[in-house]
Amino acid sequence: MASVTIRTFLAGQRLSRVVGGSAALVAMLLILLAAFPWGVLKSTIEARLSTRFGRTVTIGSVARLDAFSFSPTVAIRDVRVPQPGWAGKGDLARIAQAEVKFGVFPLLVGRFSPESIKLSGLHLALVRTADKHENWNDGEDGSGSGGSPPRITGLTIADSTISYQDAKAERSFTVAVTADSARGLRANGTGMVRGAPVKVSFSGAAVEDMAGRPWPFHAIVDGPAIGMEVRGTADAPLDLHAMTLDVTAHASDLKMLDGIIEAGLFGTQPVRLKAHVRRDAPDWKITALSGTIGQSDLTGKLDVEKNDGRTKLTGDVVFGTLNFDDLSTDSGLAKGRALERAIGPRLIPDTRINIAKIDKTDGIITVLAKRIVSSEGSSAITALNGTVKLDHQLLVFSPLRIALRTGAMVGTVRVDQRGGKPEPLVTIDLSLRDSNIVALTGGSGAIDGRVDGRATLIGTGSTIREIVGRSNGRIGVFARNGSLPARIAALIGFDAGRALTTKDDKRAGLRCIALRLDMRNGSGAIDPLVIDTSESQSNGEGSISFPSETLAIRLTGAPKRNSVLRLPGSVIVSGTIIQPDIVVPPEVKSVGNIFRAIGRAISGNQAPTAGNADCAALSTRALGR
């Protein structure tokens with residue numbers, strides 16, 4: 001029993017010595033940590049920074065300013081970080097002096113956590129090239145959150161400047177930066193956005209005594225061609241990765257505004273926009289978006305998610321009124337008018353549809369235009385709605401509905417530009433339903449009737465006009481149950497007698513019109529073209545060529561009753577779809593031909609009259625039903 005007691009006592013003594021030795025060791029380490037001479041790490045810091053930037057970083061001196069503390073203050077003087085060779089001459093960063101107070105315990109787990117920073121003579125020269133090389137980012141794409149900034153409790157900056165040159169976004173700024181406990185953080189300077197001069201300013205509350213509290217700030221870009229104001233609140237001082245913003249902006253067009261926000265926008269008429277924005281890096285949530293583009297007004301919301309270097313957009317855009325001319329610049333509209341003067345008006349628009357530059361964006365956006373107007377007067381298109389789905393440069397607009405003054409076009413448009421193709425492969429499948437001739441042509445109503453249609457085309461090109469001009473597929477149009485002036489119905493049947501004697505106000509029935517174009521590389525072969533009225537029938541052959549929209553059609557016809565003066569032969573329809581040119585060959589209207597027609601009428605030896613066409617079969621042929 002005594003031996004057990006002795007062994008227990010000896011074991012307790014050994015444990016006491018171990019614990020005591022360990023405590024002494026910990027105490028010695030803590031004392032060493034609290035009194036560590038940080039200046040001895042100057043060479044180590046230089047080496048690690050040189051490795052980080054890939055070029056030689058130099059530091060004049062590193063010295064500890066206090067003697068003993070677990071939150072030491074270290075002064076670092078004469079820091080120089082050279083620019084990479086591709087960014088030009090000079091330095092990326094120079095710091096005359098920095099005093100940094102930091103906690104030593106986070107260093108034990110590999111985390112540097114400054115508590116306060118004093119900077120003097122800080123000069124940053126940030127550069128981004130047209131191919132997105134960033135001298136501050138070491139070649140990374142910057143799509144991630146980048147981590148949160150340190151939660152510092154003190155910031156002082158004096159005699160400091162930041163310059164920024166961005167060839168990609170065509171913008172540049174140079175600002176003087178100050179910070180202290182009285183006035184907070186301030187930056188003021190000038191710059192350029194896409195060649196337009198601007199003034200820039202930023203103000204944020206002092207960070208002292210704001211730990212755990214929201215940090216308000218205010219930023220302004222102001223110029224004659226572009227302006228943006230941001231009133232924001234970061235979740236913590238300097239933490240721009242988690243913040244709430246109210247943004248207002250105006251610009252000469254969306255492309256100018258894109259010089260700041262970089263969303264891949266295009267040239268338009270002048271814009272005014274505002275939105276409420278929430279950022280939780282790397283994602284953005286945009287709500288209460290509203291504003292105008294030219295005379296068009298819009299509202300919407302948009303979620304922007306960043307992942308693996310790609311951007312995903314999800315949202316809704318609603319136009320109360322939309323004028324498509326507002327989605328082009330004055331110079332773009334002038335070019336369009338000049339082109340129309342040179343080649344004449346065209347039915348197929350020259351709208352650009354190339355998405356080569358949208359290479360890192362995906363998403364689903366619903367689009368609604370409640371009312372569509374035209375600068376030229378009334379618009380044949382009155383409204384539009386659909387869903388745009390984009391996935392790795394495959395864009396699908398489906399379902400798509402384009403409302404007309406009467407009826408609508410519905411279907412799908414598919415734009416495939418995957419694989420880095422310079423031009424997309426576009427598939428169009430649209431059906432025209434329940435429209436009429438007056439709504440489509442904008443005519444006076446002299447000729448009317450219900451119209452249906454179907455276009456299934458596939459082609460390559462950067463504009464809709466180019467795509468149709470190189471397309472394969474078919475276009476079909478079928479009109480029925482209408483009416484037209486009886487005089488025109490007589491002319492369709494080459495019945496000159498009734499055309500000359502029929503009263504202007506007399507009407508004839510339009511039983512049906514059927515047209516089908518079999519498209520091969522932009523040339524549409526007619527098969528068939530039939531115009532069937534209560535008084536006559538005409539058949540056409542030939543072609544319509546795109547993108548010129550030129551007509552090469554020969555029409556022959558016959559009345560459905562014997563005529564006093566029936567002219568044999570045919571007419572040629574040339575010109576374009578919008579400006580057709582009808583040519584009656586000389587032999588058809590020659591005196592001899594007219595006398596022969598009179599003779600056949602007197603003798604009763606006329607050519608066969610036309611019967612009623614099978615309109616149901618023609619509808620199936622034209623529309624593919």
Side-chain angles (χ1 to χ4, degrees), residues 88 123-130 132 134-136 142 157 160-179 183-204 216-234 240 243-277 279 284 286 288-298 300 302 304 325-334 357:
H123 301 286
L124 293 179
L126 307 178
V127 176
R128 184 169 76 155
T129 63
K132 300 183 181 181
E134 298 169 340
N135 67 345
W136 68 90
I157 302 175
S160 297
T161 60
I162 299 175
S163 68
Y164 173 67
Q165 302 286 333
D166 190 335
K168 172 63 178 176
E170 299 180 58
R171 63 191 177 199
S172 62
F173 307 104
T174 300
V175 296
V177 183
T178 62
R183 301 181 66 244
L185 178 62
R186 297 286 188 273
N188 291 279
T190 59
M192 301 285 287
V193 177
R194 298 194 185 278
V198 295
K199 294 180 179 180
V200 295
S201 64
F202 179 93
S203 60
F217 62 90
H218 183 205
I220 296 176
V221 177
D222 185 33
I226 183 170
M228 178 178 287
E229 181 175 11
V230 178
R231 293 188 179 273
T233 303
L240 302 185
M243 58 183 177
T244 301
L245 313 172
D246 286 298
V247 183
T248 59
H250 68 86
S252 56
D253 67 351
L254 278 179
K255 188 173 183 179
M256 177 65 74
L257 185 61
D258 198 54
I260 295 180
I261 66 177
E262 290 190 77
L265 303 177
F266 48 90
T268 65
Q269 293 297 294
V271 300
R272 289 189 174 274
L273 299 172
K274 62 180 180 179
H276 183 74
V277 182
R279 187 186 191 199
W284 300 80
I286 303 170
L289 172 65
S290 64
T292 59
I293 304 174
Q295 300 302 310
S296 302
D297 63 281
L298 65 91
L302 187 67
V304 183
D325 283 352
D326 288 334
L327 303 183
S328 183
T329 61
D330 287 342
S331 61
L333 293 173
K357 294 183 179 180

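From a predicted model like this one, the values you see are computed outputs, not experimental measurements.
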For this session: For Thr178, check side-chain hydrogen bond (donor to acceptor under 3.5 Å, both in side chains) against everything at least two apart and list the hits.
Result: none
Seminar exercise, completed: Minimal heavy-atom distance between Ser296 and Asp326, with the atoms involved, is OG-OD2, 2.7 Å
For this session: Give, for atom OG of Ser328 and atom CG of Asp253, the distance between the pair rounded to the nearest 0.5 Å.
Result: 9.5 Å
Exercise. So how far is it from Leu327 CG to Phe266 CZ, rounded to the nearest 0.5 Å?
Worked result: 5.0 Å
For this session: Return the minimal non-hydrogen interatomic distance between Gly223 and His250, and the atom names on each side.
Result: O-CE1, 3.8 Å
For this session: Return each pair, listed once, that meets salt bridge (Lys or Arg N to Asp or Glu O under 4.0 Å) where at least one residue sits in residues 187-203; pairs must be two or more places apart or across chains.
Result: Glu170-Arg194, Arg194-Asp258
Problem set entry | Distance, nearest 0.5 Å, that separates CG of Leu298 from CG of Leu273 | 6.0 Å
Exercise. Residues in side-chain hydrogen bond (donor to acceptor under 3.5 Å, both in side chains) with His123, at least two apart?
Worked result: Thr161
Seminar exercise, completed: Nearest heavy-atom contact between Met228 and Ile261 is CE-CG2, 3.7 Å
Exercise. Quick one: CD1 on Ile226 to CD1 on Ile260, what's the gap to the nearest 0.5 Å?
Worked result: 3.5 Å
Problem set entry | Closest contact, heavy atoms only, Ala125 versus Ser163 | CA-OG, 3.3 Å
Problem set entry | From Ser201 atom OG to Asp222 atom CG, the distance as rounded to the nearest 0.5 Å | 8.5 Å
Exercise. What residues form a side-chain hydrogen bond (donor to acceptor under 3.5 Å, both in side chains) with Arg183, not counting sequence neighbours?
Worked result: none
Problem set entry | Atom of Phe217, atom of Leu245 and distance for their closest heavy-atom approach | CZ-CD2, 3.5 Å
Seminar exercise, completed: side-chain contact (heavy atoms from CB on, under 4.5 Å) filter on Asp166, not counting sequence neighbours, yields Arg128, Tyr164, Lys168, Ala169, Arg171, Glu262
Problem set entry | Test item: Leu333 and Gln269 side chains (from C-beta on) under 4.5 Å apart, heavy atoms | yes
For this session: For residues Ala219 and Phe202, report the shortest heavy-atom separation together with the two atoms involved.
Result: CB-CD1, 3.8 Å
For this session: Please assess His276 against Thr244 for the test side chain to side chain contact (heavy atoms under 4.5 Å, CB included), listing each intermediate value before the final yes or no.
Result: CA-CA 8 Å; His276 183 74; Thr244 301; 3.4 Å; yes
For this session: To the nearest 0.5 Å, tell me how far Leu185 CG sits from Ile157 CD1.
Result: 5.5 Å
Problem set entry | Residues that Glu229 engages under side-chain contact (heavy atoms from CB on, under 4.5 Å), provided they are two or more places apart | His218, Ile220, Arg231, Thr248
Exercise. What residues, two or more places apart in sequence or in another chain, satisfy side-chain contact (heavy atoms from CB on, under 4.5 Å) together with Gln165?
Worked result: Ser172
Problem set entry | With Thr268 via side-chain hydrogen bond (donor to acceptor under 3.5 Å, both in side chains) - residues at least two apart | none
Problem set entry | Results of side-chain contact (heavy atoms from CB on, under 4.5 Å) for Asp297 - residues two or more places apart only | Thr292, Thr321
